[in-house]
Amino acid sequence: GAEAPMEYRKANAPKEYVEALRLARKGPAPGNHPDKITWPNAKLELPKENWRFALDSTVGQASAECVKTDYDDSSWQQVKLGEVPSYTGKAWYRVKFNGPVLAGNMRAFLTVPTVDEFTRVWLNGEYVGEHDLNRYGYGYFSIEVSKSYKPGADNLVAFRVRNETL
């Protein structure tokens, strides 16, 4: 079949795109660039404040629970984007946001802020995809979340990030 247009590619880009990103060592993977999200799609922006952060090792057995909307993350460190502590290993990030109501049959794409290496994404407790930078730096990306997104209501996004280098 015909290849999907760049703006509709899923977050797990084909190997040739991941390789191009590895060589560039910066910026978003081709096809997942937030600027490629165009009408009739909605680009959902996440807040810069009120994020919760915890190392995977401190979450322990509750790791599978971290994606649920009713999970209590009040003991986690509160951070702002860009002020996240340095770490090596796996960590969790969570944030609540209220997104816009979408017109008609618009598709929703979540713009994920700069993250390290390998990221899995859940929205409202549902797995929506992953993004792999193949151990070379960090970058931002967009991922379709139409099936899990609640327009005009509270939403919760959870990321499990693997960072193997500082």
Results of side chain to side chain contact (heavy atoms under 4.5 Å, CB included) for K48 - residues two or more places apart only: none
Side chain to side chain contact (heavy atoms under 4.5 Å, CB included) filter on K150, not counting sequence neighbours, yields N124, A153, N155
For residues [X] and [Y], report the shortest heavy-atom separation together with the two atoms involved.
X: N98; Y: G152; answer: OD1-C, 3.7 Å
X: S146; Y: A108; answer: OG-N, 2.8 Å
X: G129; Y: I143; answer: CA-CD1, 3.5 Å
X: T58; Y: L55; answer: OG1-O, 2.7 Å
X: V95; Y: L46; answer: CG1-CD2, 4.2 Å

Got a second to check how far [X]'s [atom1] is from [Y]'s [atom2], nearest 0.5 Å?
X: T69; Y: R94; atom1: OG1; atom2: CZ; value: 8.0 Å
X: K43; Y: M106; atom1: NZ; atom2: CE; value: 11.5 Å
X: Y149; Y: L110; atom1: OH; atom2: CG; value: 9.5 Å
X: L156; Y: D73; atom1: CG; atom2: CG; value: 7.5 Å

Output all residues satisfying salt bridge (Lys or Arg N to Asp or Glu O under 4.0 Å) with R52, sequence neighbours left out; order by chain, then residue number. none
Salt bridge (Lys or Arg N to Asp or Glu O under 4.0 Å) pairs, two or more places apart, involving residues 81-90: none
Could you check whether any side-chain N or O of W76 sits under 3.5 Å from a backbone N or O of D72, counting only pairs where one atom can act as donor and the other as acceptor? no
[X]: which residues meet the side-chain hydrogen bond (donor to acceptor under 3.5 Å, both in side chains) condition with it, sequence neighbours left out?
X: K96; value: none
X: S75; value: none
X: D70; value: none
X: D56; value: S63, W92, R160

Looking at side-chain heavy atoms only, is the closest gap between E144 and V128 below 4.5 Å? no
Quick one, S142 and L44 - any side-chain contact, counting heavy atoms below 4.5 Å? no
Residues two or more places apart in sequence or in another chain: which of them pass ring-ring contact (aromatic ring centres under 6.0 Å, His included) with F53? Y87, Y93
Taking ring-ring contact (aromatic ring centres under 6.0 Å, His included) as the definition, give me every residue that meets it alongside Y127, ordered by chain and number, with sequence neighbours left out. W122
